[in-house]
Colleague: 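Here you go, one structure.
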Amino acid sequence: MSRAASWGAIALALLVAAGCSRGSTSSRPPIHLNPNMDSQPKLTAQSESTFFSSGAAMQPPVEGTVARGARRHSDLVRQGLLPNGDEAPSNPLAVDAALKERGRERYEIYCSPCHGPSGNGKGIVATRGAIPAANLLEDRFRSVPDGRIYSAVLNGVGLMPSFAARIPVEDRWAIVAHVRELQSR
Amino acid sequence: MADRNRRHWTSPEDLAASREHYDEFPAGAAEAPDELSRRSMLGLMGASAALAGLAGCRRPVETIVPFVRAPEDRIPGVPQHYATTMPFGSGAYGLVVESHDGRPTKIEGNELHPASLGAASAWMQAAILGLYDPDRSAAVRRRSATGFEPSSWDELAAFVAERRAVHLEDGGASLAVLGESHSSPTRARLEAELRAVFPAARIVSWEPAGDENVLAGLRLTTGQALRPVYDLERARVVLALDSDLLLTETDAVTQARKFAAGRAPDGEPNRLWVVESSLSVTGAAADERLRARRQDVPGFALAVARELAARGLPLVLDGFPSTVLPTALEAQARLVAADLSAAGSAGLVVAGRAQPPVVHALTALVNRALGAPVALHPAADLASGSTAELAELAAAMAGGEIETLAILGGNPVYDAPADLDFGAALAQVPHALHLGERVDETSRACAWHAPRAHFLEAWGDARAIDGTAGVVQPLIAPLLGGRSDLALLAMLAGADATAYDLVRDTWRRSILGEDAFEQRWQRVLHDGVAAESASTPVDAPVDSVALAAAWGELPPGGQDALEVTFHPSPATFDGRFANNGWLQELPDAITKITWDNVAHLSPATAAELGIASGDVMRLSLGDRSVEAPAWIAPGQADRSIALTLGYGRTAAGRVGNGVGYDAYRLRDASSAWFASGATLVATGARHRLAQTQEHWRMEGRHLAREATLSEYRENPHFATEPEEHFEPVELWPQHSYDDGYQWGMAIDLNACIGCNACVVACQSENNIPVVGADQVERGREMHWLRVDRYFAGELDEPNVVFQPVACQHCENAPCEQVCPVAATVHDEEGLNVMVYNRCIGTRYCSNNCPYKVRRFNFYNFTKDTPELVQLAMNPDVTVRSRGVMEKCTYCLQRINAAKITTKREGRRVGDGDLRTACQQTCPTQAITFGDVNDEESRVSAVKRDERNYLLLAELFNKPRTSYLAKIRNPRTEEPA
C-alpha cells in the first residue's frame with residue numbers, strides 16, 4: 001500500500017471514530033478526541049464539586065461576615081421592620097422620581113412577567129402558565145403598609161419565591177415605590 | 001559619567017568566566033525525568049492515549065449546581081472581597097481576600113492595615129495554598145495500642161472535660177498549655193480566664209524565629225514591654241544591625257514600603273548601611289554593606305555608639321566593657337557614626353531579632369539620643385515567646401511533673417532547641433494534645449491530635465505591632481472540620497461559646513465598647529481593622545547602667561573559631577510553610593535556589609576548607625551534627641557559616657517531606673541564633689541543587705542599569721545612553737497604537753528589593769503550576785515573572801541589582817513573527833496575547849524571544865490537580881494543558897474586568913480601576929501599570945522619568961514594559 005493510501009486509511013478511521021456517535025442515540029456523552037482545555041481542573045460558577053457535601057462548588061458566606069463594598073443598612077431598611085417588629089408603614093428611602101424610575105425598570109424585569117406591567121396580575125406567566133399571580137391593584141394591597149410589600153419581595157408569599165438574592169435592598173424599596181405608583185394611577 | 005559598562009555577573013563561576021561553555025538550555029532539558037516509568041509516561045501522554053481510542057475520550061458530563069437558598073448580594077461568578085487578618089508570629093498582617101462563589105482564591109494586602117498598607121509578602125500570598133493543602137489533617141486522632149486512630153471532636157471534648165476535672169483538683173499544677181506567639185486580644189483574655197481557673201497551670205508561648213530578643217532588650221532597660229515601630233520614610237541614614245528588616249523581620253512589608261518611599265532619587269534619598277554575616281535582601285538593598293560575623297555585631301554596635309558619643313551625642317556609656325573588633329570594622333564604625341550623627345534626628349538604628357537583647361537596648365539608647373524616627377509602642381495582648389519558659393516546661397515534662405499538655409499550633413518537636421530534647425520530654429507526658437494543621441512531628445508524639453482551622457476558616461483577632469486591632473474574618477466554613485486555637489482554649493477554660501461570640505465579646509468589652517457596638521463592629525468587619533486602635537507610643541528612658549551590666553555578660557566576640565548562624569528561610573520561614581509548593585519552588589532572592597536549603601560559606605572560607613558549591617559537608621557543633629550542601633555565597637562573612645531553618649521536615653506532607661536538611665538539630669537554647677566553634681568536614685558526597693540563576697539568561701547584555709547618586713545628578717540620561725549610537729531600522733511600516741487603551745508597565749529598579757512577593761502573586765492569580773525540583777533543574781520552571789539577580793563589583797563585597805522580568809509585550813514582538821499557527825498575536829491594545837488552543841508547541845516563539853519569558857508546558861502539570869487544590873484556582877484564568885506555551889498576559893482578566901465595570905459606569909478605565917497582580921502586591925510599589933495612551937496616567941508619568949529605559953532597545957522590539965535605572969547612594973559621595 002502506498003504511503004498516501006495508508007495516511008488516507010488512518011484519516012478515514014479517525015473520521016469514523018469521531019463521527020461514530022452521530023445520528024444514533026446514546027446515553028453516553030459524545031466522543032471528544034482533542035481535550036483542548038475544554039474542561040479544566042478549576043471550579044467555575046455553579047459547577048459541581050464532589051469535595052463539598054452539598055455537591056456544589058459555590059459556598060454560602062460564613063454567617064456574620066461582611067464583604068468589602070457591602071452596603072450597610074439599618075434593620076428598618078434591610079428587613080422592612082420597625083424595632084417593635086411591625087412592618088414599616090412607609091418607604092424608609094426618599095421616594096423621588098429617580099427611585100420611582102429605577103423601581104419601574106426593576107419591576108418590569110422581575111415582577112411584570114407574573115404581575116403584569118400594570119400590576120393587574122395578568123402577566124405573561126400568569127395568563128399562559130396558569131400560575132395565579134396577585135392583582136396588586138386590589139384594595140387589600142392598597143391598604144397594606146409598605147413594609148408588607150417589601151416583605152413579599154424579601155421573603156416571598158405563597159407560590160412567589162423570595163427575590164432577596166436577585167434584587168438588592170434599595171431596588172426592593174424602589175419596586176415598592178413603583179407598586180404604589182401603579183396603585184395610584 | 002555613569003559606569004555604563006559596569007559588569008554584572010550572576011555567580012562566582014560567571015565572574016571567573018570559568019564556565020567552559022554556556023549552553024542555552026540546562027543539561028537534560030530535552031529529556032524526560034529519569035524516575036518516570038513507562039507506565040507513568042503513558043499517564044502523562046493523556047491526549048495521545050485518547051487518540052489511540054482508549055478510555056477517557058468522551059466529553060465530561062458537567063452539571064449545573066445552583067444554590068438552593070441563594071445568599072443575598074452575591075452574583076454567581078462575580079468575585080467578592082473580604083477583609084481579614086493573618087496572624088503571623090508576634091505581628092499581624094491585614095489582608096483583603098478575593099472570594100469566588102464563596103471560595104477564597106487570592107490574597108491581597110489591606111490598604112487600611114498599618115502592617116500591610118495594601119501590599120502582601122510572598123508568605124501572605126501563599127497562605128491561600130496552605131488553606132487548600134491536601135495534606136492537612138481532616139480528623140481528630142487518638143493514640144491507642146494499635147496506632148493513631150481516627151476519633152471525633154465529641155470524644156476529644158469528653159477527654160478535655162475529664163482532664164479539666166482532674167486539674168480542678170490540683171489547681172492546674174500538672175497542666176500546661178504551649179502555644180505559638182500571638183497578639184490576639186481574645187486569646188489573651190482566654191488565657192487570663194484559664195489562669196483564673198487553674199492558677200498553677202503553666203501557659204507558655206514559643207516561637208522558633210520570634211521577637212523575644214527585641215522585647216527582652218527593651219524590658220531590660222526600660223522595665224516595660226515595648227516594641228519599636230520604625231518610620232523609615234523619615235529616616236535619611238539607616239543602620240541595620242544584622243536585621244533583614246525588608247523581608248524576614250516582623251513588619252517587613254511596611255518597612256519595605258517606607259524604605260522605598262524615602263528613596264526617590266530626585267529628592268534626598270536615604271542611605272542604608274547594613275552590617276550582617278550573610279547577604280540578605282536587606283543587605284542587597286544597602287548602599288553600604290559591611291560584612292561581619294554575627295558575634296561581632298554587638299561589638300560593632302557598641303563601637304558606633306562610642307563614636308557617636310565622641311561626636312557629642314548625649315550618650316552615657318560608662319561601665320561598658322571594651323570591645324575587640326577586627327580593625328576593618330573599627331574603621332567602618334567611625335564612618336557609620338559620622339554619617340548617623342550628620343543625619344541627626346533623621347538617623348535611625350535598627351537591630352535584628354537574631355541579636356542579643358543588649359543590642360536592642362543599646363539601639364533604643366542610641367535612637368533616643370539621635371531623636372530617631374522610632375516610636376515605642378506598649379505591647380498589648382502580646383505573647384512574644386520565651387525560650388527560658390520553654391526550657392523550664394521541657395524540664396518539668398521530662399521530670400514527669402506535667403500530666404496534661406495542650407499544644408496549640410506550632411511544632412516544638414521539630415523546631416524547639418535541640419538541647420531541650422523536647423520529643424523525649426513529650427514522651428513523659430501521658431495526656432498530650434496537639435492542635436495542628438497536619439499530623440506533623442509533634443502530633444506524632446502526642447496522645448491526641450486535633451485538626452486546626454486555617455485563619456481563613458475561623459474567627460479570631462490579632463494586633464499589629466503598633467497595637468492596631470484587626471479581626472480575623474473567615475471566608476469559608478472549615479474545609480476539613482478544623483477548629484481554631486481560640487475554640488480549644490475556650491474548651492479548656494470551660495467557656496461555652498463559639499469563637500465568633502468570644503471575639504465579639506472581647507471587642508465589646510475592651511476595644512469598641514458597648515456604645516453603638518453593632519454598627520462599629522460591622523464597620524470593623526468591612527475595614528478589617530478598628531480605626532485608631534493603635535497604642536499610644538511611650539517615652540521610655542533607657543537605663544544605661546543596667547545595660548552596661550548586662551553587656552558584660554555577653555560572650556566576647558572576635559574569636560577565630562568557625563561561627564554558625566541560623567536564619568529563618570524566606571520561603572518556609574521556620575518550617576511552617578514547608579508543604580507549600582509555591583514557596584518551595586520560589587527561587588531564593590539571593591542564591592536563586594529552589595526546593596532546598598544550603599549552608600552559605602564565603603569564597604575565602606570555602607577555599608581555605610577546600611569545599612565547592614554542592615559538596616555535602618558534615619557540620620558539627622558539640623556532639624551534634626548535620627549534613628548540609630555547601631554554597632559559596634558572595635558577600636558572606638569569612639569564617640561564618642549561615643544555615644537556613646525550616647527545612648528537613650519529616651512529617652510536613654508530600655511536598656515538604658525530606659526537602660533540605662534540618663538546621664534545628666544544631667540549635668541550642670543558649671545559642672539560638674549563632675554559635676561558635678563549629679567543625680566541618682566534607683563527606684565526599686555531592687548534592688544536586690535546583691537553581692534558576694543561570695536559566696533564561698540574556699547573554700550578558702547590558703540589562704540592569706545603575707548609577708550612583710552623584711553620577712545620576714551629573715548625567716540624568718545615563719540609562720538611555722547605550723542606545724544613543726543606535727539607529728532603528730524599520731523593515732515594514734509600523735502599526736500605530738494611538739487609539740483607545742494602550743497598556744504599558746514601568747518597573748522601578750530603584751524600589752525593587754527582590755522580595756519575590758510579585759512572583760507568588762502572579763502564580764496565585766494566573767494558576768501557574770508547581771513543577772518540582774527535578775523539572776526546575778532542567779529549566780522548566782513555569783513562573784511567568786522571574787526576578788533576575790545581578791551582582792556587580794567584588795566577589796566578597798558585591799552590589800546587587802534585582803530586575804523583575806516578565807513578558808515585555810513588544811509592539812514588534814519577535815515571537816509573533818515566527819509562530820506558524822498564529823497562536824501568539826497582537827491585539828489592538830498593544831497586548832501580546834497567547835491563544836492557547838491554537839498552540840501546537842513548536843516553541844519557536846520561546847527561541848525567538850530575546851527576554852526568555854515564555855514558558856512551555858512540557859507535561860500536563862495540572863492534570864492530577866487534587867480537587868482541594870482546584871479550589872485555589874482562579875476561575876477567570878485558563879488552566880493550561882500539556883504542549884502549550886504560556887507567558888505573562890498583563891493580567892488580561894483584570895483588564896477585562898476593569899473595562900466591564902467602567903463601561904457600565906460610562907467612563908474610561910483610570911489608574912484606580914486596574915492593577916495587575918504583581919503591581920498590587922508589590923510592597924515597595926516598584927511596578928506601575930496602566931494606559932500609556934493617557935498622558936495623565938501614572939504609568940505615563942513614570943515613563944517620562946529620565947531613568948526610564950527599555951530592555952534590548954537596540955533590537956527595535958519596542959517593549960511596553962520599561963525599567964527605571966537603579967540609583968545607589970554610597971557614602972563616598974556626599975549629597976550635594
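All heavy atoms count here, side chains included; hydrogens, waters and symmetry mates do not.
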Colleague: Determine whether A/Leu43 and B/Met873 make a side-chain contact, defined as any pair of heavy atoms from C-beta on separated by less than 4.5 Å.
Modeller: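 The answer is no; the side chains never approach within 4.5 Å.
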Colleague: Heavy-atom pairs under 4.5 Å with chain A: which of B/Asp527, B/Leu475, B/Asp73 has the most?
Modeller: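 The option with the most such pairs is B/Asp527.
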Colleague: Using a 4.5 Å cut-off on heavy atoms from C-beta on, say whether the side chain of B/Arg103 contacts that of A/Phe52.
Modeller: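 Yes. Closest side-chain heavy atoms under 4.5 Å.
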Colleague: If I take atom NE2 from residue B/His100 and atom CE from residue A/Met58, how far apart are they, to the nearest 0.5 angstrom?
Modeller: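 Rounded to the nearest 0.5 Å, the NE2-CE separation comes out at 13.0 Å.
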Colleague: With a 4.5 angstrom heavy-atom cut-off, is it the side chain or the backbone of B/Val884 that approaches chain A, or both, or neither?
Modeller: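 The answer is the side chain of B/Val884.
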Colleague: What part of B/Thr865 lies closer than 4.5 angstrom to a heavy atom of chain A: side chain, backbone, both or neither?
Modeller: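 Just its side chain gets close to chain A.
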Colleague: Under 4.5 Å between any side-chain heavy atoms of A/Val62 and B/Trp459, yes or no?
Modeller: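 Of all side-chain heavy-atom pairs linking B/Trp459 with A/Val62, at least one is under 4.5 Å.
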Colleague: Report the option among B/Gly77, B/Pro66, B/Pro474 that has the most heavy-atom pairs separated by less than 4.5 Å from atoms of chain A.
Modeller: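 Option with the top pair count is B/Pro474.
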Colleague: Nearest 0.5 angstrom please: A/Glu63 CD to B/Thr498 OG1, how far?
Modeller: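 One finds 10.5 Å between CD of A/Glu63 and OG1 of B/Thr498.
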Colleague: Working to the nearest 0.5 Å, report the span between CD1 of A/Ile31 and CZ of B/Arg59.
Modeller: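 It comes to 11.5 Å.
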Colleague: Take atom CD in B/Gln519; do more than 12 heavy atoms of anything else shown fall under 6.0 Å from it?
Modeller: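 Check fails, neighbour count at 12 or below.
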Colleague: Could you look at A/Ala70 and say if it's the side chain, the backbone, both or neither that has a heavy atom under 4.5 Å from chain B?
Modeller: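 For A/Ala70, the backbone is the part near chain B, not the side chain.
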Colleague: Quick one: of A/Ser162, A/Ser74, A/Pro61, who has the most non-hydrogen atom pairs under 4.5 Å with chain B?
Modeller: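 Option with the top pair count is A/Pro61.
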Colleague: With chain A as the partner, which of B/Arg504, B/Arg74, B/Gln522, B/Arg69 has the greatest number of non-hydrogen pairs under 4.5 Å?
Modeller: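 Winner by heavy-atom pair count: B/Arg74.
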Colleague: Shorter than 4.5 Å, heavy atoms on both sides: which option in B/Val96, B/Asn767, B/Leu479 has the most such pairs with chain A?
Modeller: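 Ranked by heavy-atom pairs under 4.5 Å with chain A, first place is B/Leu479.
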Colleague: Mind ranking B/Val78, B/Val61, B/Ile64 by heavy-atom pairs under 4.5 Å with chain A and telling me who comes out on top?
Modeller: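 Winner by heavy-atom pair count: B/Ile64.
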Colleague: Side chains of A/Lys42 and B/Leu871: does their closest heavy-atom pair fall under 4.5 Å?
Modeller: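 With C-beta onward as the side chain, the pair stays apart.
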Colleague: For salt bridge (Lys or Arg N to Asp or Glu O under 4.0 Å), just list the numbers for B/Glu72 and A/Arg172, CA-CA rounded to whole Å, side-chain angles, deciding distance to a tenth of an Å, and then say yes or no.
Modeller: CA-CA 12 Å; B/Glu72 289 184 40; A/Arg172 295 174 206 156; 2.9 Å; yes
Colleague: With only heavy atoms counted, which part of B/Phe67 is less than 4.5 Å from chain A, the side chain, the backbone, both or neither?
Modeller: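 Both backbone and side chain.
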Colleague: Answer whether the closest heavy-atom distance between the side chains of B/Gln473 and A/Val66 falls below 4.5 Å.
Modeller: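 B/Gln473 vs A/Val66: side chains touch.
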Colleague: Between A/Ala67, A/Ala45, A/Ser49, which has the largest tally of heavy atom pairs under 4.5 Å with chain B?
Modeller: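 That would be A/Ala67.
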Colleague: Would you mind checking which part of B/Ile75 comes under 4.5 Å of any heavy atom in chain A, side chain (CB onward), backbone (N, CA, C, O), both or neither?
Modeller: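 Interface part for B/Ile75: neither.
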Colleague: Which answer fits B/Gln80, side chain, backbone, both or neither, if we ask what part of it has an atom under 4.5 Å from a heavy atom of chain A?
Modeller: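 Side chain only.
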Colleague: Side chain of B/Arg58, backbone of A/Pro29: donor and acceptor closer than 3.5 Å?
Modeller: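 Looks like yes, one N/O pair under 3.5 Å.
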Colleague: Supply the atom-to-atom distance B/Asp876 CG to A/Thr44 OG1, rounded to the nearest 0.5 angstrom.
Modeller: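 It comes to 10.0 Å.
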Colleague: Measuring heavy-atom distances to chain A, does B/Pro60 have an atom under 4.5 Å in its side chain, in its backbone, in both, or in neither?
Modeller: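 For B/Pro60, the contact with chain A is made by the side chain alone.
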Colleague: So for B/His526, is it side chain, backbone, both, or neither that comes closer than 4.5 Å to the heavy atoms of chain A?
Modeller: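 Answer is both: backbone and side chain atoms of B/His526 are under 4.5 Å from chain A.
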Colleague: Evaluate B/Glu111 against A/Arg68 for salt bridge (Lys or Arg N to Asp or Glu O under 4.0 Å), listing each step before the verdict.
Modeller: CA-CA 12 Å; B/Glu111 67 290 346; A/Arg68 272 291 167 95; 3.0 Å; yes
Colleague: Taking the side chain as every heavy atom from C-beta outward, state whether B/Asp101 and A/Gln59 have any atom pair closer than 4.5 Å.
Modeller: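 No, side chains not in contact.
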Colleague: With a 4.5 angstrom heavy-atom cut-off, is it the side chain or the backbone of B/Val471 that approaches chain A, or both, or neither?
Modeller: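 Looking at B/Val471, nothing touches chain A.
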Colleague: Is any side-chain heavy atom of B/Val879 less than 4.5 Å from a side-chain heavy atom of A/Met37?
Modeller: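 B/Val879 does not reach A/Met37 side chain to side chain.
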Colleague: For chain B, which candidate among A/Gly64, A/Gly55, A/Ser39 shows the most heavy-atom pairs at distances under 4.5 Å?
Modeller: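 Of the candidates given, the most pairs with chain B belong to A/Gly64.
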Colleague: Is a donor on one side and an acceptor on the other found under 3.5 Å between the side chain of B/Asn837 and the backbone of A/Asn36?
Modeller: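 Yes, B/Asn837 side chain to A/Asn36 backbone: donor-acceptor pair under 3.5 Å.
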Colleague: Can you find a side-chain donor-acceptor pair between A/Ser47 and B/Glu62 that sits under 3.5 Å?
Modeller: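 Their side chains do not contain a donor-acceptor pair, so the 3.5 Å distance test is not met.
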Colleague: Shortest non-hydrogen contact from B/Gln870 to A/Pro41?
Modeller: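 Taking B/Gln870 first and A/Pro41 second, the nearest heavy atoms are CG-O, 3.4 Å.
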Colleague: Report yes if some heavy atom in the side chain of B/Val65 is under 4.5 Å from a heavy atom in the side chain of A/Glu48; otherwise report no.
Modeller: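 B/Val65 reaches A/Glu48 side chain to side chain.
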